[in-house]
Protein chains: 2
Amino acid sequence: MKDLVYKCLNNANRRKILYCIGEEERCVNDIAECLDLEQSLTSHHLKDLYDCGLIEKKRDGKKIYYKVSEPEIVEILEKGKELGDKLEKRC
Amino acid sequence: MKDLVYKCLNNANRRKILYCIGEEERCVNDIAECLDLEQSLTSHHLKDLYDCGLIEKKRDGKKIYYKVSEPEIVEILEKGKELGDKLEKRC
DNA sequence: CAATCATATGAAAGACCTTGTATATAAGTG
DNA sequence: CACTTATATACAAGGTCTTTCATATGATTG
């Protein structure tokens, strides 16, 4: 259970999704299009993120809008990216 | 390549190892004993962490001492833990 | 209500991870 | 040099993850 946050972070597509809906909410189709992912794949990942509690959703007519509910996750993402970049330069 | 940091974080034993050698260096055997892990498993995980660049090693006679080389990883770990705890309370 | 649009779900293939067992290497010791 | 201690590596079994394809559900529209 405690591993869910790290598990969510351990996939490039999920990380992209988090960045994508970190500032403003977006509907599934927009997310998929924006990141060039299959609709169903996007949906699967959104479910993982949602089940983990990192994002929230809101229905509006046919569309469902998602956004990050825990800003901390974006901070972690940024720290992770910084560190990753730093480590990459070394090799 | 950029995923290595997140991959390293996505395993409870590796996270324990990072905590264990975050402050002071320790040799493989001590780490294994301290965390109650098999020697070879400890060694496997240390290799992953080392290859990723998160920890450094130093030989002293027969023993090899490891310690965290990037303190940022411990910060990330702590932020991740805080967030994980927060999310867990919800369910 | 049939058709359409938007999203979710299930199943399955293949890739990837974790772990354990057995064995190898490397350093130190008698 | 044989032996022991400390660590690393190879391999294989089992499990988990990611992705795709096909299909289902749910809301809206004509």
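Lettering follows sequence order; numbering is per chain, from 1.
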Engineer: Verify the contact: side-chain N or O of N13(B) to OP1 or OP2 of dT19(C), cut-off strictly under 4.0 Å; return yes or no.
Structural biologist: yes
Engineer: R14(B) or G61(B): which one's nearest nucleotide on DNA chain C is closer to the 5' end?
Structural biologist: R14(B)
Engineer: Any donor-acceptor pair under 3.5 Å joining the side chain of Q39(B) to the base of dA8(D)?
Structural biologist: yes
Engineer: Measure across L18(B) and V68(B) and return the closest heavy-atom pair with its distance rounded to 0.1 Å.
Structural biologist: O-CG2, 3.6 Å
Engineer: Given dA22(D), dG20(C), dT7(C), identify the nucleotide with an atom nearest to the side chain of S40(A).
Structural biologist: dA22(D)
Engineer: Taking only the side-chain heavy atoms of H44(B) (C-beta and beyond), determine which of dT19(D), dA27(D), dA10(D) contains the nearest atom.
Structural biologist: dA10(D)
Engineer: Could you work out which one of dT9(C), dT20(D), dC17(D) sits closest to the side chain of L41(A)?
Structural biologist: dT20(D)
Engineer: Categorize E38(B) for me: base, sugar-phosphate, or nothing, with a 4.0 angstrom heavy-atom threshold over every strand shown.
Structural biologist: base
Engineer: Tell me which pairs pass side chain to side chain donor-acceptor pair (under 3.5 Å) where either residue lies in residues 31-47 of chain A, with sequence neighbours left out.
Structural biologist: R14(A)-H45(A), K47(A)-D51(A)
Engineer: If you look at every strand shown and take non-hydrogen atoms under 4.0 Å, does T42(B) touch a base, only sugar-phosphate, or nothing?
Structural biologist: nothing
Engineer: Base, sugar-phosphate, or nothing: which does K63(A) touch, judged by heavy atoms less than 4.0 Å apart?
Structural biologist: sugar-phosphate
Engineer: Please classify the nucleic acid contact of H45(A) as base, sugar-phosphate, or nothing, using heavy-atom distances under 4.0 Å.
Structural biologist: sugar-phosphate
Engineer: Can you tell me if K62(B) touches the phosphate of dT4(D), counting only side-chain N or O atoms and a distance under 4.0 Å to OP1 or OP2?
Structural biologist: no
Engineer: Measuring from the side chain of S43(B) (C-beta onward, heavy atoms only), which nucleotide among dT9(D), dA8(C), dA27(D) has the closest atom?
Structural biologist: dT9(D)
Engineer: Quick one: is N11(A) getting a side-chain N or O under 4.0 Å of the dC17(D) phosphate, OP1 or OP2?
Structural biologist: no
Engineer: Where the side chain of I64(A) is defined as all heavy atoms beyond and including C-beta, which of dT19(D), dA8(C), dT7(D) is the nearest nucleotide?
Structural biologist: dA8(C)
Engineer: Heavy-atom distance under 4.5 Å between the side chains of L35(A) and N13(A), does that happen here?
Structural biologist: no
Engineer: Between Y66(A) and dA8(C), is there a contact of a side-chain N or O with OP1 or OP2 at under 4.0 Å?
Structural biologist: yes
